**Student:** 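To start, I am sharing the structure in question, which I have written as structure tokens.
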Amino acid sequence: MRIRVGHLYPDYLNIYADRGNIAVLARRAQWRGHELEVRAVSMGDELRPGVHDLLYIGGGQDREQALVAVDLAATAERVLAAVEDGAAVLAVCGGYQLLGRFYRDREGVELPGVGLFPLVTTAGARRMIGDVLLSCEWSGRTLAGFENHAGRTRLDPGTEPLGRVIAGFGNDGESGYEGCRAGRTIGTYLHGPLLPRNPWLADWLLAQALARKLGDPPQLDPLPDELESEAHAVSARRAETRGGRF
């Protein structure tokens, strides 16, 4: 099957090797006989609900994030309609912040958000940098990655996080949670990139994207993930021994 991906603002939100997430999705889809068709959706482009099976948005510097915020907020209804139509979402770092209700910088300037995730983010005085390890109770798995953000993201009461922090800072350095998960949508600060060292999450996203057409997520054939598993183990050990802390 052809899996259509809308890559939001790749010419602005493209740091932290986040393009590697697209490369992983493409290869793991190809190995199973599927084709990943990636289309950029950037400034002034029309996002058409019902076209994409997966939306992906990466991270960027504050300047690029501010440039994107107004354009993205103007597209909010279309993003929400795409998700309502069944599209899966992966949002990383700055993209994660912009899919909440707002991001407020240190000067008090508020960037509008899409409102997909029930959360708000405010900039803190100190960046939270380091390796991260999460326990994802909803999957029975762990996620390993790297974080580098000044934003303190606070989830609304009752909102499901992506995972519980075993090592690292997470959303705000206080709550013990990282990221946000709602249905087929995921937001997270983990990059480096995220998916090469966490292949199970890549497969979850592919299955959710396929479910838009199939109705239910298919059971994907297993792949030989020895190298990916070793990358995860190395990243997890780094987080446990030198994960970020105040």
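As the structure is a computational prediction, the values presented were derived from the model and not from experiment.
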**Student:** Nearest 0.5 Å please: distance from the OG1 atom of Thr185 over to the CG atom of Leu116.
**Tutor:**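 Reported to 0.5 Å precision, the distance equals 5.0 Å.
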**Student:** Which pair of non-hydrogen atoms, one from Ala144 and one from Ser235, has the smallest distance, and what is that distance?
**Tutor:**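 Taking every non-hydrogen atom into account, CB-OG, 3.5 Å.
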**Student:** Taking all non-hydrogen atoms of both residues, which atom of Tyr96 and which atom of Asn171 are closest, and how far apart?
**Tutor:**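 Minimum heavy-atom contact is OH-OD1, 3.0 Å.
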**Student:** Let me confirm one number: the CD1-CD distance from Ile57 to Gln97, rounded to the nearest 0.5 Å.
**Tutor:** 10.5 Å
**Student:** Got a salt bridge between Asp225 and Arg28, using NZ or NE/NH1/NH2 to carboxylate O under 4.0 Å?
**Tutor:** yes
**Student:** So which atom in Gly86 and which in Arg184 form the shortest heavy-atom distance, rounded to 0.1 Å?
**Tutor:**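 Scanning both residues completely, I find the closest heavy atoms to be O-NH1, 2.9 Å.
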**Student:** Of all heavy-atom pairs between Pro199 and Glu228, which one has the smallest distance, and what is that distance?
**Tutor:**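 Reported closest heavy-atom pair: CG-CB, 3.6 Å.
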**Student:** Are the side chain of Arg212 and the backbone of Gly50 linked by a donor-acceptor contact shorter than 3.5 Å?
**Tutor:**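 Indeed, once roles are kept as given, a pair shorter than 3.5 Å links the two residues.
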**Student:** How long is the straight-line distance from SG of Cys180 back to CG of Leu99, given to the nearest 0.5 Å?
**Tutor:** 10.0 Å
**Student:** From Trp200 CH2 over to Ser139 OG, what is the distance, rounded to the nearest 0.5 angstrom?
**Tutor:** 3.0 Å
**Student:** With sequence neighbours left out, what residues match Trp31 under ring pair (Phe, Tyr, Trp, His ring centres under 6.0 Å)?
**Tutor:**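 For Trp31, no residue satisfies ring pair (Phe, Tyr, Trp, His ring centres under 6.0 Å) once neighbours in sequence are set aside.
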**Student:** Are Leu201 and Ile3 linked, directly or through intermediate hydrophobic residues, by side-chain heavy-atom contacts shorter than 4.5 Å (ILVMFWY only)?
**Tutor:** yes
**Student:** Is it possible for you to say whether Val41 and Val114 belong to one hydrophobic cluster, with membership spreading through side-chain heavy-atom contacts below 4.5 Å?
**Tutor:** yes
**Student:** List in chain and number order the residues that pass side chain to side chain donor-acceptor pair (under 3.5 Å) with Asp105, two or more places apart in sequence or in another chain; answer none if no residue qualifies.
**Tutor:**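 With sequence neighbours excluded, Asp105 shows a side chain to side chain donor-acceptor pair (under 3.5 Å) to no residue whatsoever.
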**Student:** Any donor-acceptor pair under 3.5 Å linking the side chain of Arg127 with the backbone of Asn148?
**Tutor:**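 It does hold such a pair.
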**Student:** With a 3.5 Å distance limit and no angle check, can you tell me whether Lys213 reaches the backbone of Asp53 through a side-chain donor-acceptor pair?
**Tutor:**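 Not a single qualifying donor-acceptor pair exists.
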**Student:** Among the clusters formed by ILVMFWY side chains lying less than 4.5 Å apart, do Leu190 and Leu206 turn up in the same one?
**Tutor:**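 Same hydrophobic cluster.
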**Student:** Can a salt bridge be assigned to the pair Glu174 and Arg152 using a cut-off of 4.0 Å between side-chain N and carboxylate O?
**Tutor:**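 Salt bridge between Glu174 and Arg152, a charged N being under 4.0 Å from a carboxylate O: no.
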**Student:** Going by salt bridge (Lys or Arg N to Asp or Glu O under 4.0 Å), name the residues that satisfy it together with Asp45, two or more places apart in sequence or in a different chain.
**Tutor:** none
**Student:** Is there a side-chain contact between Phe146 and Ile129 in this structure, where contact means two heavy atoms from C-beta onward sitting under 4.5 Å apart?
**Tutor:**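 Result yes, sub-4.5 Å side-chain heavy-atom pair found.
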**Student:** Closest heavy-atom contact between Asn21 and Pro196?
**Tutor:**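 So the minimum-distance heavy-atom pair works out to OD1-CD, 4.0 Å.
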**Student:** Can Asp221 and Arg32 be counted as an ion pair, charged N to O under 4.0 angstrom?
**Tutor:**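 No, Asp221 and Arg32 are not salt-bridged.
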**Student:** Apply salt bridge (charged side-chain N to carboxylate O under 4.0 Å, His left out) to Glu230 and Arg237, showing your working.
**Tutor:** CA-CA 11 Å; Glu230 180 59 24; Arg237 286 195 297 269; 3.6 Å; yes
**Student:** So among Val38, Asp203, Leu36, Leu90, which one has a side-chain contact (heavy atoms from CB on, under 4.5 Å) with Leu25?
**Tutor:**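 Single side-chain contact (heavy atoms from CB on, under 4.5 Å) partner of Leu25 among Val38, Asp203, Leu36, Leu90: Leu36.
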**Student:** Just how far is it from atom CD of Gln61 to atom OH of Tyr12, taken to the nearest 0.5 Å?
**Tutor:** 15.0 Å
**Student:** Report the C-alpha distance between Leu47 and Leu55 in whole Å, list the side-chain angles of each, state the deciding distance to 0.1 Å, and finish with yes or no for side-chain contact (heavy atoms from CB on, under 4.5 Å).
**Tutor:** CA-CA 10 Å; Leu47 178 67; Leu55 297 178; 4.0 Å; yes
**Student:** Within this structure, what is the OG1-CG distance for the pair Thr142 and Asn198, rounded to the nearest 0.5 Å?
**Tutor:** 7.0 Å
**Student:** Does His149 have any ring pair (Phe, Tyr, Trp, His ring centres under 6.0 Å) partners at least two apart in sequence or in another chain, and if so, which?
**Tutor:**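 By the ring pair (Phe, Tyr, Trp, His ring centres under 6.0 Å) rule, His149 matches Tyr189.
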**Student:** Between the main-chain N or O of Pro10 and the side-chain N or O of Arg19, is there a donor-acceptor pair closer than 3.5 Å?
**Tutor:** yes
**Student:** Any link between Val89 and Leu119 through a network of hydrophobic side chains (Ile, Leu, Val, Met, Phe, Trp, Tyr) touching at under 4.5 Å?
**Tutor:** yes
**Student:** Taking a hydrophobic cluster as the set of Ile, Leu, Val, Met, Phe, Trp and Tyr residues connected by side-chain heavy atoms closer than 4.5 Å, whether directly or through intermediates, do Trp138 and Leu134 fall within one such cluster?
**Tutor:** yes
**Student:** Can you confirm whether Leu143 sits close enough to Glu178 that some side-chain heavy atom of one is under 4.5 Å from a side-chain heavy atom of the other?
**Tutor:** no
**Student:** Compare every heavy atom of Ala88 with every heavy atom of Gln208, then report the nearest pair and how far apart it is.
**Tutor:**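 That would be CB-CB, 3.9 Å.
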**Student:** Going by the rule ring pair (Phe, Tyr, Trp, His ring centres under 6.0 Å), which residues pair with His7 if we only count those two or more places apart in sequence or in a different chain?
**Tutor:**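 His7: ring pair (Phe, Tyr, Trp, His ring centres under 6.0 Å) contacts with Tyr56.
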**Student:** For a salt bridge (charged side-chain N to carboxylate O under 4.0 Å, His left out) check, start with the C-alpha distance between Arg106 and Asp62, then their side-chain angles and the critical distance, and finish with the verdict.
**Tutor:** CA-CA 11 Å; Arg106 292 185 62 186; Asp62 288 347; over 6 Å; no
**Student:** Within the 4.5 Å heavy-atom criterion, are Val68 and Met43 side-chain neighbours or not?
**Tutor:**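 In contact.
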**Student:** Any side-chain hydrogen bond (donor to acceptor under 3.5 Å, both in side chains) involving residues 109-123? Give me the pairs, sequence neighbours left out, ordered by first then second residue.
**Tutor:** Arg104-Glu110, Thr121-Thr153
**Student:** Would you mind telling me which of Leu67, Leu98, Asp71 makes a side-chain contact (heavy atoms from CB on, under 4.5 Å) with Tyr9?
**Tutor:**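 Of all the options given, the one that passes is Asp71.
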**Student:** So, the side chain of Arg181 versus the backbone of Cys136: is there a donor-acceptor pair under 3.5 Å, distance only?
**Tutor:** no
**Student:** Please check: side-chain N/O of Glu147 versus main-chain N/O of Phe169, any donor-acceptor pairing under 3.5 Å?
**Tutor:**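 Flag set: sc Glu147 to bb Phe169 pair under 3.5 Å.
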